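Note that the structure is predicted; figures quoted are calculated from it, not measured. Remember, it's 1-based here, ligands and their atoms both numbered in the order they're listed.
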Amino acid sequence: MRPFGYVRAGDAGTAIALVRARPDSAFLAGGTTEVDLVRQDVLRPGLLVDINDLPLDLIEDLPDGGLRIGALARMSDVARAPGVMERFPVISQALVLGASAQLRNMASMGGNLCQRVRCSYFRDPASLCNKREPGSGCAALNGFHRGHAVLGTSDHCIATHPSDVAVPLTALDAVVHTSGPGGERAIGMDDFFLLPGDTPQREHPLEHGELITAIEVPGAPVARRSVYLKFRDRQSYEFALASVAAAVRIEDGTVAEVRLALGGVATRPWRARRAETALLGRPASAASFAAAAREELAQARPRPMNAFKVELAQRAIVRALSTLTDGEA
Ligand SMILES: Cc1cc2nc3c(=O)[nH]c(=O)nc-3n(C[C@H](O)[C@H](O)[C@H](O)COP(=O)(O)OP(=O)(O)OC[C@H]3O[C@@H](n4cnc5c(N)ncnc54)[C@H](O)[C@@H]3O)c2cc1C
Ligand code: SF4
């Protein structure tokens with residue numbers, strides 16, 4: 001590991017100014033992504049600015065029934081917060097199904113949204129990777145890509161977005177609040193995660209030194225009946241091959257409201273809008289669920305090793321919606 005500087009900031013303004021001052025600096029929260037990548041020589045920061053003393057760890061209920069989650073709230077604290085468990089079970093479940101208990105105690109919500117991809121070529125400095133070294137090539141395209149994305153890919157990168165909790169946050173239209181050199185900003189989930197396109201090194205629209213302060217989830221009564229399902233090679237301590245966050249309201253046997261997002265199959269947390277549109281007003285039946293899932297995955301661009309994800313994601317959607325509507329169809 002190369003030597004780097006370390007400083008602990010006492011307030012947000014100082015943290016932002018310290019990171020802004022050096023292009024090779026970064027914020028350090030729980031360190032569960034950042035320190036791994038420094039050890040692996042993938043990231044080479046000159047200075048890490050520790051933000052753990054900032055008062056950004058509150059989990060608050062909002063008057064509209066929503067949530068405000070501080071960027072430094074730990075995954076484990078958010079997962080067991082009463083307001084999250086009661087009103088947004090899908091968020092709690094996604095958090096509990098991620099990483100391990102020890103990691104969840106360290107890992108922050110802001111860090112979770114900014115975690116880097118798990119593509120093994122990205123994490124191996126000897127491999128070609130456009131995300132690590134723009135313009136160098138993508139070793140995954142013709143390499144081992146069983147875990148890679150089938151949705152939102154480009155000819156420059158096919159890495160899957162790794163976060164679990166970002167999937168329900170996307171389904172529920174959460175908003176990321178930031179503070180930076182240009183003042184404060186609110187960025188909706190649709191704009192927060194960028195498709196790789198021809199700039200896969202840019203994963204979100206944050207400027208250098210822009211600090212995530214909180215994540216707000218608007219009130220959504222539909223989320224009281226919600227579920228997160230995660231399919232992976234082993235049942236713990238593993239990233240998703242496919243996952244789905246679903247919330248649904250049924251009236252008179254038909255779908256009156258639905259939120260759907262996919263994880264593990266796309267280069268960003270994937271809002272399944274085509275499926276949502278196809279479901280509205282349709283009978284709450286396995287046949288409608290399967291038709292909507294097919295509609296969403298029709299835009300998939302599978303490669304030889306990950307073609308199974310198309311079927312897996314469709315089945316995941318059907319399973320989630322059937323679980324939520326059991327007995328109502
Ligand atoms: C073995 C292992 C298994 C895992 N499994 C899963 C899993 O199944 N599902 C899942 O979702 N995740 C998983 N993770 C990832 C884990 O959830 C993330 O590493 C963690 O959430 C990152 O949070 P952190 O506070 O440790 O961030 P850090 O490592 O401190 O930071 C990560 C990045 O975010 C930036 N950052 C941190 N806070 C802020 C902020 N407030 N504003 C702006 N930038 C910020 C940092 O500069 C850095 O670039 C796993 C990690 C490991 C090591
Ligand atoms: S898929 Fe993306 S992260 Fe992986 S090697 Fe290709 S460019 Fe790099």
4.0 Å heavy-atom contact, [X] with ligand 1:
X: E210; result: yes
X: M75; result: yes
X: L48; result: no
X: R104; result: no

Decide whether an N or O pair under 3.5 Å exists between [X] and ligand 1.
X: A107; answer: no
X: V35; answer: no
X: R118; answer: no
X: L28; answer: no
X: G31; answer: yes
X: A26; answer: no

Would you mind telling me if ligand 1 is within reach of the side chain of [X], the backbone, both or neither, using heavy atoms under 4.0 Å?
X: Q115; result: side chain
X: L103; result: side chain
X: K230; result: side chain
X: D36; result: side chain

Can we say [X] and [Y] salt-bridge, meaning some charged N sits less than 4.0 Å from an Asp/Glu carboxylate O?
X: R74; Y: D57; value: no
X: R271; Y: E276; value: yes
X: D164; Y: R232; value: no
X: R68; Y: E216; value: yes
X: D190; Y: R273; value: yes

Please list the nearest protein heavy atom to [atom] with its residue and the distance rounded to 0.1 Å.
atom: atom 48 (C) of ligand 1; value: E34 OE1, 3.0 Å
atom: atom 6 (Fe) of ligand 2; value: C138 SG, 2.3 Å
atom: atom 16 (C) of ligand 1; value: T32 OG1, 4.0 Å
atom: atom 4 (Fe) of ligand 2; value: C119 SG, 2.4 Å
atom: atom 37 (C) of ligand 1; value: G111 CA, 3.6 Å
atom: atom 2 (Fe) of ligand 2; value: C157 SG, 2.4 Å
atom: atom 7 (C) of ligand 1; value: A99 N, 3.1 Å
atom: atom 5 (S) of ligand 2; value: Y121 CB, 3.5 Å

### Query
R116 and T33: which non-hydrogen atoms are nearest, and at how many Å?
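So the minimum-distance heavy-atom pair works out to N-CG2, 3.9 Å.
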### Task
Please name the pair of heavy atoms, one in I212 and one in G110, separated by the smallest distance, quoted to 0.1 Å.
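Between these two residues, the closest heavy atoms are CD1-O, 4.0 Å.
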Rounded to the nearest 0.5 Å, how far apart are [atom1] of [X] and [atom2] of [Y]?
X: N306; Y: L241; atom1: CG; atom2: CG; result: 10.0 Å
X: E210; Y: T178; atom1: CD; atom2: OG1; result: 3.5 Å
X: K131; Y: S136; atom1: NZ; atom2: OG; result: 12.0 Å
X: E203; Y: L113; atom1: CD; atom2: CG; result: 12.0 Å
X: N105; Y: S76; atom1: CG; atom2: OG; result: 4.0 Å

### Task
Output the list of atoms in ligand 2 that are nearer than 4.0 Å to some heavy atom of L128, sorted by atom number.
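Taking each heavy atom of L128 in turn, ligand 2 has 5 (S) under 4.0 Å.
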### Query
Between the side chains of N112 and Q115, is a donor N or O closer than 3.5 angstrom to an acceptor N or O?
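Distance-only check passes for N112 and Q115.
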[X] neighbourhood, listing ligand 1 atoms whose heavy-atom distance to it stays under 4.0 Å:
X: S163; result: 11 (O)
X: F27; result: 43 (C), 44 (N), 46 (C), 47 (O)
X: Y237; result: 1 (C)
X: E238; result: 8 (O)
X: I51; result: 38 (N), 41 (N)
X: G98; result: 7 (C), 8 (O), 9 (N)
X: A29; result: 25 (O), 30 (O), 37 (C), 38 (N)
X: D164; result: 7 (C), 8 (O), 9 (N), 10 (C), 11 (O)

### Residue portion contacting ligand 2 (non-hydrogen atoms closer than 4.0 Å) for H156
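Looking at H156 and ligand 2, just backbone atoms fall under 4.0 Å.
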### Message
Once you restrict to heavy atoms under 4.0 Å, what part of L141 touches ligand 2? Side chain, backbone, both or neither.
### Response
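Within the 4.0 Å criterion, L141 makes no contact with ligand 2.
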### Message
Can you tell me if R282 has over 12 outside heavy atoms packed within less than 6.0 Å of its CZ?
### Response
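Counting other residues, nucleotides and ligands, CZ of R282 stays at 12 neighbours or fewer.
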### Task
Flag C129 as yes if one of its N/O/S atoms falls below 2.8 Å of atom 4 (Fe) of ligand 2, otherwise no.
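Here the distance criterion (N, O or S atom, under 2.8 Å) is not met by C129, so no.
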### V90 and L172: CA distance, side-chain angles, deciding distance, side-chain contact (heavy atoms from CB on, under 4.5 Å) verdict
CA-CA 10 Å; V90 66; L172 296 169; 4.0 Å; yes
